[in-house]
Amino acid sequence: MNKSFYVTTPIYYVNDRPHIGHAYSTVAADVLARYARLRGRPTRFLTGTDEHGQKIEDRAKELGKDPQAFVDEMSPPFRQAFEELDCSFDDYIRTTEPRHERKVADLWKILEARGDIYLGSYEGWYAVADEAYITELEYRDMSDEEKAKRKVERKQEESYFFRLSKYTQPLLDFYEKNPTFVQPEGRFNEVKAFVREGLQDLSISRTSFRWGIPVPGNDAHVIYVWLDALTNYISALGGPAAPGESELFDRFWAPNAEVVHIVGKDILRFHAVYWPAFLLSAGIAPPTQIWAHGWLTINGEKMSKRSGNFIPPGPLVEAFGADVLRYYLMREVGFGQDGDFAHRNLLARYNGELANGLGNLLNRMVRSIVRRSFGGLVPTPANREPEDEALIAAAQKAAQESARHLDAIAPHRSLDAVWELVAAANRYVDQTAPWALAKEGKTERLGQVAYTVLESLRWLSVLIAPFMPAKSVALRAQLGLGPLEPEEGRDAWPAAWGELTPGTPTAPGEPLFPRIDAKQEKALLARLGVGTAGAAAPGAPAKKSKQKSTNEPPKEGTIPFDRFLDVELKVGLILAAEAVPKSDKLVKLSVDLGEPGPRQILAGIRPHYAPEALVGQRVVVVANLAPRKIMGLTSEGMVLAASDTEHGLSVLSLDKAIAPGTRVS
RNA sequence: GGGCCCAUAGCUCAAUGGUUAGAGCCGCCGGCUCAUAACCGGCUCGUUCCUGGUUCGAGUCCAGGUGGGCCUACCA
């Protein structure tokens with residue numbers, strides 16, 4: 001278990017402000033890092049920002065700023081947000097730092113020396129927002145809104161390519177040998193399926209903008225942002241580097257090190273396919289594991305700036321404290337699954353689990369029982385009764401299980417296991433009824449009972465430490481203990497019962513988690529700008545719903561009327577039709593939509609209709625569909641049709657001569 | 001079109017092929033009173049999506065179907 005541990009978050013693109021999703025990834029990585037340190041493992045935790053690319057260049061220009069000045073302004077809020085969240089990163093890398101840029105160039109030269117880089121040219125649809133070309137199909141399947149949002153444009157440029165195709169088989173072999181390389185497993189299946197289809201060479205340079213790392217030996221090109229960005233994971237360690245050249249690289253990117261990249265499911269392919277391919281080419285071992293977590297919705301709705309549920313972590317930290325937010329994020333959502341961030345649920349968990357559960361346990365014992373009966377000193381344990389043994393067993397089980405789940409990167413399960421102990425301890429207090437023992441003057445037994453609970457609390461202070469570092473310190477302070485001080489090589493996870501020293505003065509203090517009553521709750525929610533409508537009821541969290549809220553929340557599976565109106569259906573008169581050469585299905589139609597000129601629309605109806613039979617037909621056309629290019633031809637709309645296996649396909653047509661261009665409703 | 005994943009209580013989720021399918025939350029009833037209107041106990045709610053199959057035994061394995069999510073592809 002003394003393998004060194006290197007955990008990373010994605011580096012965050014600075015064309016955005018920090019939000020709860022960034023917080024989620026980073027907190028998860030922090031929990032793993034803090035846990036590893038407690039276990040005595042040499043640990044390194046990296047986060048940072050991704051600062052190159054066209055989007056940044058454009059945005060800076062819009063603002064009339066130098067790109068460097070712009071990113072210098074945008075990066076610190078991330079760092080600050082993570083500091084506020086008590087994230088214990090050892091390094092914060094920015095891709096505009098010289099230490100990084102140098103290493104990206106080094107990696108490029110290595111790939112080039114391997115013969116895996118060549119100069120070619122590339123034409124396709126380019127999504128400026130993603131800094132990536134998208135396939136013809138992706139383009140076609142994308143809504144207009146989406147295209148505008150992602151700034152998709154046609155582009156041709158000279159480009160360097162990485163021989164990704166060469167790595168199809170090596171990657172498949174690598175996956176075979178590393179069956180837990182990608183987690184969760186379902187995501188790994190998707191990755192494998194993608195690679196199995198065969199990989200295309202990857203364009204890894206751009207000439208269309210300047211804000212990037214220049215290609216070594218050809219200043220006309222800058223290096224593709226993903227090659228740039230992914231390299232951060234090693235550049236921050238001083239890699240690529242020959243053995244002995246960089247101590248960090250030797251230590252944390254070594255055969256005996258465990259390297260875990262925490263990523264969002266949206267960037268899995270870059271991490272699970274491109275990144276290991278680059279590394280294989282460079283003769284560097286790929287990471288141990290890529291963990292793809294899911295997305296958070298906010299009170300049941302997709303997070304977006306427009307709908308006002310773009311949640312920055314700052315106000316939440318202010319309202320609840322970093323630890324509570326961290327706890328909620330890690331407790332509520334199964335890691336790897338999508339989940340919902342619901343303010344109501346946060347409050348429910350706060351009161352139910354933190355205040356009533358752990359907070360009250362500490363309070364009833366330290367501030368009341370120990371203070372009154374033992375003058376605030378940790379009592380001396382006496383003979384153990386079976387019920388005491390049961391609680392000790394519960395503590396041991398909680399420690400083992402929570403560790404097991406953290407080892408498996410299942411933080412929510414880990415907390416589940418810890419709260420089993422909280423519940424067991426509260427039950428134990430009820431069963432043993434220390435107040436009755438005090439009344440009966442059974443001091444010895446009372447001492448044993450109190451000690452057992454205090455020692456359980458000490459264990460709990462360690463078990464919660466990865467999740468709630470500040471609360472761990474506060475809890476330990478009340479027990480008369482100093483903060484945990486992890487040391488490499490010393491496993492601090494609780495294992496031995498009875499390390500709490502009798503006679504230690506406890507320090508009863510304010511409640512660890514003061515209960516939030518209904519009135520405060522209302523005020524808090526108002527301050528956070530959360531209405532009652534959007535918040536899920538406790539115990540009945542909203543299932544993720546795609547609807548935007550309107551006056552009356554629409555029923556599941558329905559859309560509001562105005563959404564329907566977004567689709568412009570019109571009567572179209574087919575003026576001409578011909579089969580598209582080299583296509584089995586496509587028919588090229590010329591359709592009158594009552595506009596100055598006819599539209600060219602492609603339809604996959606060849607097997608069911610002879611082209612000439614279509615001429616003169618009045619059909620229903622989606623008139624405001626984004627144009628799509630299919631087999632080199634542009635289609636400016638869509639003809640509605642229905643099909644089943646029995647009858648084949650049937651085009652919707654009108655039985656009266658309604659004028660072309662008439663709106664269908 | 002191809003593929004992957006999922007479906008268990010009102011909600012969120014557990015259950016190496018092996019008793020009577022569990023836990024938390026919500027709800028109801030009761031107890032206790034050291035404690036933060038906290039804590040503890042009890043109760044209600046299940047055709048484990050459907051139909052078949054394998055097996056001594058299926059929530060679990062297999063086939064098909066239904067519903068949902070996702071990946072992928074020259075279906076608008």
Side-chain angles (χ1 to χ4, degrees), chain A residues 135-138 140-141 184-197 265 268-269 294 331-334 336-340 342 345 348-349 351-373 412-413 416 419-420 422-423 425-439 446 449-450 453 510-518 536-544 556-557 580 582-586 589 601-607 621-622 625-633 635-641 643 649:
Chain A
T135 65
E136 198 67 32
L137 266 176
E138 277 178 287
R140 272 220 330 268
D141 286 342
E185 208 182 331
R187 295 273 159 210
F188 200 10
N189 289 338
E190 287 171 5
V191 167
K192 288 188 226 170
F194 175 76
V195 174
R196 241 182 257 123
E197 305 253 312
K265 62 182 185 180
L268 178 58
R269 187 191 301 171
R331 180 72 187 79
E332 178 81 355
V333 180
Q337 294 181 292
D338 288 343
D340 188 43
N345 287 357
R349 286 197 185 276
N351 278 335
E353 294 164 8
L354 298 177
N356 297 350
L358 178 57
N360 184 49
L361 175 67
L362 173 71
N363 198 57
R364 67 199 300 204
M365 187 49 58
V366 171
R367 200 150 70 146
S368 174
I369 294 164
V370 172
R371 185 162 62 169
R372 268 180 232 173
S373 298
H412 64 299
R413 287 241 198 292
D416 238 348
W419 255 255
E420 295 269 333
V422 172
N426 270 319
R427 266 197 304 276
Y428 172 83
V429 174
D430 270 53
Q431 276 166 19
T432 53
W435 51 92
L437 295 172
K439 216 173 275 177
L446 178 57
V449 165
V453 175
E510 288 306 299
L512 200 57
F513 303 99
R515 216 183 134 76
I516 296 171
D517 64 29
K543 262 220 146 173
K544 45 191 162 171
E556 194 84 32
V580 173
K582 284 193 275 183
S583 164
D584 299 338
K585 290 187 176 175
L586 287 180
L589 303 170
I601 294 178
L602 299 171
I605 55 176
R606 181 72 223 283
V621 173
V622 181
L625 200 60
R628 307 233 157 122
K629 217 161 182 185
I630 303 149
M631 296 196 66
L633 298 167
S635 180
E636 304 166 313
M638 168 172 161
V639 174
L640 296 186
S643 67
L649 183 140

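Protein chains get the first letters and strands the later ones, always in sequence-line order, with residue 1 at the start of each. Side chains included, hydrogens not; waters and symmetry mates left out as well; all remaining heavy atoms used.
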Here the gap from A/L512 atom CG to A/R367 atom CZ, rounded to the nearest 0.5 Å, amounts to 11.0 Å
Note, A/D338 side chain near A/K265 side chain (heavy atom, < 4.5 Å): yes
Nucleotide nearest A/R515 (side chain, heavy atoms from C-beta), chosen from B/A76, B/C13, B/U36: B/U36
B/U44 versus B/G57 - spacing of their P atoms, nearest Å: 31 Å
Nearest-angstrom distance, P atom, B/G22 to B/C39: 25 Å
Considering only atom C1', compute the distance from B/A9 to B/G59 and round it to an integer number of Å. 14 Å
Rounding to an integer number of angstrom, what distance separates B/G27 and B/U20 when you compare their C1' atoms? 25 Å
Rounded to the nearest angstrom, tell me the gap between atom CZ in A/R349 and atom C1' in B/C26. 13 Å
From A/E197 CD over to A/K192 NZ, what is the distance, rounded to the nearest 0.5 angstrom? 15.0 Å
Considering heavy-atom distances to RNA chain B, does A/L361 or A/V422 have its closest nucleotide positioned more toward the 5' end? A/L361
In whole angstrom, give the distance that lies between atom NE2 of A/H412 and atom C1' of B/C13. 8 Å
Give one of base, sugar-phosphate or nothing for A/P511, where a contact means two heavy atoms less than 4.0 Å apart. base
Out of B/U36, B/C5, B/C70, minimum distance to the side chain of A/N189 belongs to B/C5
Heavy-atom side-chain contact between A/W435 and A/L446 under 4.5 Å: no
Counting neighbours of CD on A/Q431 that are heavy atoms of other residues, nucleotides or ligands and sit closer than 6.0 Å, is the number greater than 12? yes
Closest of B/C71, B/A38, B/A14 to the A/E190 side chain is B/C71
Taking pairing as Watson-Crick or G-U wobble with both contacts under 3.5 Å, can you name the mate of B/A37, or confirm there isn't one? none
Please test A/V333 against A/H412 for side chain to side chain contact (heavy atoms under 4.5 Å, CB included), starting from the C-alpha separation and ending with a verdict. CA-CA 7 Å; A/V333 180; A/H412 64 299; over 6 Å; no
Suppose you measure atom P in B/C26 against the same atom in B/A63; what distance do you get, rounded to whole Å? 42 Å
Using atom C1' of each nucleotide, how far apart are B/G46 and B/U8 to the nearest Å? 8 Å
So what does A/N426 hit on the nucleic acid, given a heavy-atom distance under 4.0 Å: a base, only sugar-phosphate, or nothing? sugar-phosphate
Measure from CZ on A/R427 to C1' on B/A35 and round the result to the nearest Å. 18 Å
B/C71 versus B/U12 - spacing of their C1' atoms, nearest Å: 26 Å
Heavy-atom nearest nucleotide on RNA chain B taken for A/I369 and for A/N356; more 5' hit belongs to A/I369
Integer-rounded Å distance: B/C4 P and A/L268 CG: 17 Å
Please report the distance separating the C1' of B/C56 from the corresponding atom of B/G17, rounded so that it comes out in whole Å. 12 Å
Roughly, in whole Å, what's the span from NZ in A/K265 to C1' in B/C5? 12 Å
Could you tell me how far apart A/Y428 (OH) and B/C39 (C1') are, to the nearest whole angstrom? 16 Å
Given atom CZ of A/R187 and atom C1' of B/G69, what is their separation to the nearest angstrom? 9 Å
Minimum-distance nucleotide (side-chain atoms of A/W435 versus B/A76, B/C13, B/C32): B/C32
Looking across every strand, which nucleic acid part, if any, lies under 4.0 Å from A/R367 by heavy atom: base, sugar-phosphate, or nothing? sugar-phosphate
Separation of A/N345 atom CG from B/C13 atom C1', in whole Å? 13 Å
B/C75 -> Watson-Crick or G-U wobble partner, both distances under 3.5 Å, gives none
Below 4.0 Å: OP1/OP2 of B/C39 and any side-chain N or O of A/R364: no
Using Watson-Crick or G-U wobble geometry with both distances below 3.5 Å, tell me the partner of B/C49, or none. B/G65
Please determine whether side chain to side chain donor-acceptor pair (under 3.5 Å) holds for the pair A/N426 and A/R364, giving the CA-CA distance in whole Å, both sets of side-chain angles, and the decisive distance to 0.1 Å. CA-CA 10 Å; A/N426 270 319; A/R364 67 199 300 204; 2.9 Å; yes
Side-chain atoms of A/N360 come closest, of B/A35, B/A14, B/A76, to B/A35
